[in-house]
Amino acid sequence: MRPWLALCLTLLALPLRAETVTVAAAANLKFALEQIATDFEHSSGHKLRLSFGSSGNFATQLSHGAPFELFLSADEAYVLRLRQQGITDNDGVVYAYGRLALVAAKDSPLQLDDNLDGLKQLLTSGQLQRFAIANPELAPYGERARTLLEQKGLWQALQPKLVLGENVSQAAQFALGGSAQGGIVALSLSQAPAFKQRARVLALPLSSHAPLAQRMVLLPGAGRGAQAFYAYLQSEPARSTFADFGFALPEQP
């Protein structure tokens, strides 16, 4: 075979090869997305390199050129802000709606209830030592938790007792790992079997906090593998997994 013909065939074949896709994902997606990723890799042949963290930190990194192909935010505000900054080519799409949960280790004295009366009682009795949420300045679930605690009149009194996770996954570790007697975290994290074995979980009413519309967007230069995963995340198998982890789902386009 002539060298130029071999080169042409090689270049033509490149788009058909499996790719490694770089994904920046909100920390509350960890367990759900890992399961979805396994299914996608098995069916597509592409590989995924998943990075989990706070949506605020990822948005800042992307605005400075971080080399991700796909961003899944816990709050659509970060994606829409990137669009306004000209970082993305479009608004992306809402793939799920998140929800808060009140959690405590099984041996914690914290009583779980919709109105947070158990938390208030533990606080006023002087028995509350630490309570975990994600950093409200960086993580949407932390911002929603702060708003809820403000609405319940607990925010000021809780200030000395708060332990802040850099993201909601770290806050969940604090809530169950002995660093705190409970916390407000993402319901999606609390649905993992390993979490349930150690914790009591109460899904807080949707009416108790503003909706967490989780939006994703492809970044400029996203390859064929990233585009395939973006489409797969809107497919029925992926939507079913999201639902299993406590997410509400948008209508399919």
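Please read all numbers here as calculations on a predicted model, not as lab measurements. Excluded from the calculations below are hydrogen atoms, water molecules and symmetry mates; all remaining heavy atoms, backbone and side chain alike, are included.
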Going from [atom1] on [X] to [atom2] on [Y], what distance comes out if it is rounded to the nearest 0.5 angstrom?
X	Y	atom1	atom2	answer
T124	L154	OG1	CG	9.5 Å
Y141	I184	OH	CD1	13.0 Å
K30	S169	NZ	OG	6.5 Å
L110	Q121	CG	CD	10.0 Å
L70	T22	CG	OG1	8.5 Å
N28	N167	CG	CG	9.5 Å

Are the side chains of [X] and [Y] in touch, meaning some heavy atoms are under 4.5 Å apart?
X	Y	answer
S208	D114	no
L62	Y78	no
F229	S44	no
L128	P109	no
L149	L116	yes
V23	R49	no

Original post:
Charged N to carboxylate O under 4.0 angstrom, R215 versus D75?
Top reply: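 Salt bridge: no.
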Subject >> Sidechain N-carboxylate O distance under 4.0 Å for E137, R146 >> reply: yes
Residue pair [X] / [Y]: nearest heavy atoms and the distance that separates them:
X	Y	value
F71	S55	CZ-O, 3.8 Å
A26	F52	O-CD2, 3.7 Å
R239	L233	CG-O, 4.4 Å
V168	V185	CG2-CA, 3.8 Å
A222	A226	CB-CB, 3.9 Å
L189	A27	CD2-O, 3.6 Å

Original post:
Would you say the side chains of D244 and T241 form a donor-acceptor pair under 3.5 Å?
Top reply: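 Their side chains do not contain a donor-acceptor pair, so the 3.5 Å distance test is not met.
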Original post:
So, E143 versus T147: side-chain donor-acceptor pair below 3.5 Å or not?
Top reply: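 Short answer, yes.
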[X] side chain to [Y] backbone, donor-acceptor under 3.5 Å:
X	Y	answer
H209	L100	yes
Q234	Y230	yes
R198	L176	yes
S188	G246	no
Q170	E166	yes
S54	N57	yes
Q214	Y97	no
N115	D117	no
Q181	Q127	yes
R99	L204	yes

Original post:
Is the ring centre of Y95 less than 6.0 Å from the ring centre of F242?
Top reply: yes
Subject >> Check: F58 ring centroid to F68 ring centroid under 6.0 Å >> reply: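 Judged by ring-centre distance (under 6.0 Å), F58 and F68 do meet the cut-off.
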Subject >> Steps toward side-chain contact (heavy atoms from CB on, under 4.5 Å) verdict (E41, H46) >> reply: CA-CA 5 Å; E41 289 180 337; H46 296 297; 6.0 Å; no
Establish whether [X] and [Y] are linked, either directly or via other cluster members, by ILVMFWY side-chain heavy-atom contacts under 4.5 Å.
X	Y	answer
F247	M216	yes
L29	I133	yes
L148	L112	yes
L50	V217	no
L102	W155	yes

Subject >> Verdict with reasoning, E69 to L218, per side-chain contact (heavy atoms from CB on, under 4.5 Å) >> reply: CA-CA 6 Å; E69 296 175 90; L218 288 166; 5.7 Å; no
**OP:** Step through the shown structure and confirm whether more than 12 heavy atoms of other residues, nucleotides or ligands are within 6.0 Å of NZ on K161.
**Re:**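 Correct, the count exceeds 12.
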**OP:** Verify side-chain contact (heavy atoms from CB on, under 4.5 Å) between V163 and F131, making sure each step is shown before the conclusion.
**Re:** CA-CA 6 Å; V163 53; F131 189 76; over 6 Å; no
Original post:
How far apart are the C-alpha atoms of Q85 and S63, what are their side-chain angles, what is the distance that settles it, and do they pass the side-chain contact (heavy atoms from CB on, under 4.5 Å) test?
Top reply: CA-CA 8 Å; Q85 294 171 348; S63 67; 3.7 Å; yes
